[in-house]
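Computed from heavy atoms alone, side chains included, the values below leave out hydrogens, waters and symmetry copies. Numbers for residues simply follow the sequence, beginning at 1. We count ligands from 1, going down the list as the structure has it; atoms in each ligand are counted the same way.
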Amino acid sequence: MTMLEQTLIFIKRDGDEILLGLKLRGFEIGKWNGYGGKMEIGELPAECAKRELFEESGLVVEVADLKYLGILKFYRSEKILDRLVHLYVCSVYKGYPRTTEEMKPKWFSSEALPFKEMWEDCAHWIEFVVKEIKFTGTFYSDNMNNLVNYCVEAIYLN
Ligand SMILES: Nc1nc2c([nH]c(=O)n2[C@H]2C[C@H](O)[C@@H](COP(=O)(O)OP(=O)(O)OP(=O)(O)O)O2)c(=O)[nH]1
């Protein structure tokens with residue numbers, strides 16, 4: 001199986017609120033997450049983030065308004081790199097989020113995120129999204145997809 005390169009974007013409103021989508025189909029149905037999906041051949045990460053957000057929520061963003069936060073790396077069986085996810089945050093958007101075949105939108109206060117219904121790894125890095133601090137996260141899962149180890153590091157650039 002080949003490694004997947006994907007994007008994930010969190011839209012923010014009024015400083016404190018974060019838009020999550022409830023996954024309505026496919027992999028990990030029933031979980032709240034940011035919006036995103038697989039990069040297409042020849043597509044840049046920011047272009048993919050913009051496209052996936054539009055397809056799954058109807059919201060329109062400009063690439064220039066996206067803030068790149070970092071990379072999440074997911075290893076399965078503890079050693080095979082399975083997914084590499086480019087992470088963005090954006091506070092400038094057009095439109096209202098709508099339910100699509102893939103996602104049902106909901107705004108959450110950053111202090112009341114539904115961690116029990118999110119990917120387990122999110123709890124370890126979502127504060128970087130809230131504070132908009134660049135970081136990298138590396139997550140190791142076993143064959144049953146249980147998180148067994150992780151490392152999250154802030155990146156401070158001068
Ligand atoms: N927080 C977190 N997010 C993850 C993990 N794995 C994973 O694919 N994601 C994110 C990255 C992507 O934004 C999204 C991928 O979902 P998906 O694989 O169902 O992609 P998709 O069907 O939407 O892709 P596409 O066909 O639309 O291109 O979920 C994980 O373990 N934790």
- Per-atom contacts of ligand 1 with Cys122, taking only distances under 4.0 Å to non-hydrogen atoms: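 Numbered from 1, ligand 1 contributes 1 (N).
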
Hey, is [X] close enough to [Y] for a salt bridge, meaning N to O under 4.0 Å?
X     : Y      : result
Lys31 : Glu28  : yes
Lys67 : Glu132 : yes
Arg51 : Glu55  : yes
Glu5  : Lys38  : no

To which protein heavy atom is [atom] closest, and what is the distance rounded to 0.1 Å?
atom                    : value
atom 32 (N) of ligand 1 : Asp121 OD2, 2.8 Å
atom 15 (C) of ligand 1 : Gln6 NE2, 3.3 Å
atom 29 (O) of ligand 1 : Asn33 ND2, 3.7 Å
atom 19 (O) of ligand 1 : Lys23 NZ, 2.6 Å
atom 23 (O) of ligand 1 : Glu102 OE2, 2.8 Å
atom 7 (C) of ligand 1  : Arg83 NH1, 3.5 Å

- Message: Classify the ring geometry of Tyr68 against His86: parallel below 30°, tilted from 30° to 60°, perpendicular beyond 60°.
- Response: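 The arrangement is tilted - the two ring planes meet at 30° to 60°.
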
Looking only at non-hydrogen atoms, which of [options] approaches [atom] most closely?
atom                    : options                      : result
atom 9 (N) of ligand 1  : Trp32, Trp119, Tyr35, Trp125 : Trp119
atom 28 (O) of ligand 1 : Lys38, Glu28, Glu5           : Lys38
atom 27 (O) of ligand 1 : Glu52, Glu120, Arg76, Met118 : Glu52

- Message: So, taking the atom named CZ in Phe74 and the one named OH in Tyr140, what distance separates them when rounded to the nearest 0.5 Å?
- Response: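 If we round to the nearest 0.5 Å, Phe74:CZ and Tyr140:OH are 12.0 Å apart.
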
- Distance (rounded to the nearest 0.5 Å) between Lys73 NZ and Leu84 CG: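 Reported to 0.5 Å precision, the distance equals 7.0 Å.
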
- Message: Any heavy atom of Thr7 closer to ligand 1 than 4.0 angstrom?
- Response: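 Yes, Thr7 has heavy atoms under 4.0 Å from ligand 1.
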
- Message: Would you say the rings of Trp125 and Tyr150 are close, in the sense that their centroids are separated by under 6.0 Å?
- Response: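 Distance test on ring centres: not under 6.0 Å, no.
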
- Task: Output yes when the distance from some N or O of ligand 1 to some N or O of Glu55 is under 3.5 Å, and no in every other case.
- Result: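 Among all N and O atoms of Glu55, none is under 3.5 Å from an N or O of ligand 1.
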
- Query: Is there any N or O on Leu8 that sits under 3.5 Å from an N or O of ligand 1?
  - Reply: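 No; every N/O pair is 3.5 Å or more apart.
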
- Task: Look at the side chain of Glu47 and the backbone N and O of Leu44, then say whether any donor-acceptor pair between them is shorter than 3.5 Å.
- Result: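 The answer is yes, because a donor-acceptor pair under 3.5 Å joins these two groups.
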
- Task: Answer side chain, backbone, both or neither: which part of Phe139 comes under 4.0 Å from ligand 1, heavy atoms only.
- Result: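 Neither part.
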
